[in-house]
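One-based numbering along the sequence shown. Side chains included, hydrogens not; waters and symmetry mates left out as well; all remaining heavy atoms used.
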Amino acid sequence: MEWWRQSKTRAERYLTKFGKDIIVQGSYEKLFVEYCESNNIDVQNGPCIEYKHNGDKHRYFADFQLEINGKKKYQRVIRDLKQKKKNKI
């Protein structure tokens, strides 16, 4: 079974106007992808970044990778402000 079907948040497949099949989780990510498309920014699911912390291996998944003017790639993470405030408490 695909990882996104097991996600605790609402995850769904989304076909971009650039023909890429990506996974979006929740309304904030979907709005972000729609904004990028309206500004001709190519959106893909972000990469898995492996790293070590205190000797333990971890994996971080960036939400999106953007390609602008066919040259630069940026990685973005979309967060819900309510969740961010909750995590600070």
*asked:* By the salt bridge (charged side-chain N to carboxylate O under 4.0 Å, His left out) test, which pairs, at least two apart or in different chains, include something from residues 23-33?
replied: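 Applying salt bridge (charged side-chain N to carboxylate O under 4.0 Å, His left out) to every pair that reaches into residues 23-33, excluding sequence neighbours, yields Glu12-Lys30.
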
*Selection residues 45-58 - residue pairs positive for salt bridge (charged side-chain N to carboxylate O under 4.0 Å, His left out), sequence neighbours left out*: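 Matches after skipping sequence neighbours: none remain.
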
Spacing of [atom1] belonging to [X] relative to [atom2] belonging to [Y], to within rounding of 0.5 Å:
X: Gln65; Y: Asn45; atom1: CD; atom2: CG; value: 10.0 Å
X: Gln44; Y: Cys36; atom1: CD; atom2: SG; value: 11.5 Å
X: Gln25; Y: Phe61; atom1: CD; atom2: CZ; value: 10.5 Å

*Should Ile22 and Phe64 count as side-chain neighbours, where that means a heavy-atom distance under 4.5 Å?*
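A side-chain contact under 4.5 Å exists here.
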
*asked:* Please enumerate all residues that pass ring-ring contact (aromatic ring centres under 6.0 Å, His included) together with His58, with sequence neighbours excluded.
replied: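 His58: ring-ring contact (aromatic ring centres under 6.0 Å, His included) contacts with Tyr51.
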
Would you give me the side-chain donor-acceptor pairs under 3.5 Å for residues 14-21, sequence neighbours excluded?
{"residue": "Tyr14", "atom": "OH", "partner": "Glu37", "partner atom": "OE1", "Å": "2.7"}
{"residue": "Thr16", "atom": "OG1", "partner": "Phe18", "partner atom": "N", "Å": "3.3"}
{"residue": "Thr16", "atom": "OG1", "partner": "Gly19", "partner atom": "N", "Å": "3.4"}
{"residue": "Thr16", "atom": "OG1", "partner": "Lys20", "partner atom": "N", "Å": "3.0"}
{"residue": "Thr16", "atom": "OG1", "partner": "Lys20", "partner atom": "O", "Å": "3.4"}
{"residue": "Lys17", "atom": "NZ", "partner": "Glu37", "partner atom": "O", "Å": "3.0"}
{"residue": "Lys17", "atom": "NZ", "partner": "Asn40", "partner atom": "OD1", "Å": "2.7"}
{"residue": "Lys20", "atom": "NZ", "partner": "Asp42", "partner atom": "OD1", "Å": "3.2"}
{"residue": "Lys20", "atom": "NZ", "partner": "Asp42", "partner atom": "OD2", "Å": "2.5"}
{"residue": "Asp21", "atom": "OD2", "partner": "Arg13", "partner atom": "NH1", "Å": "2.4"}

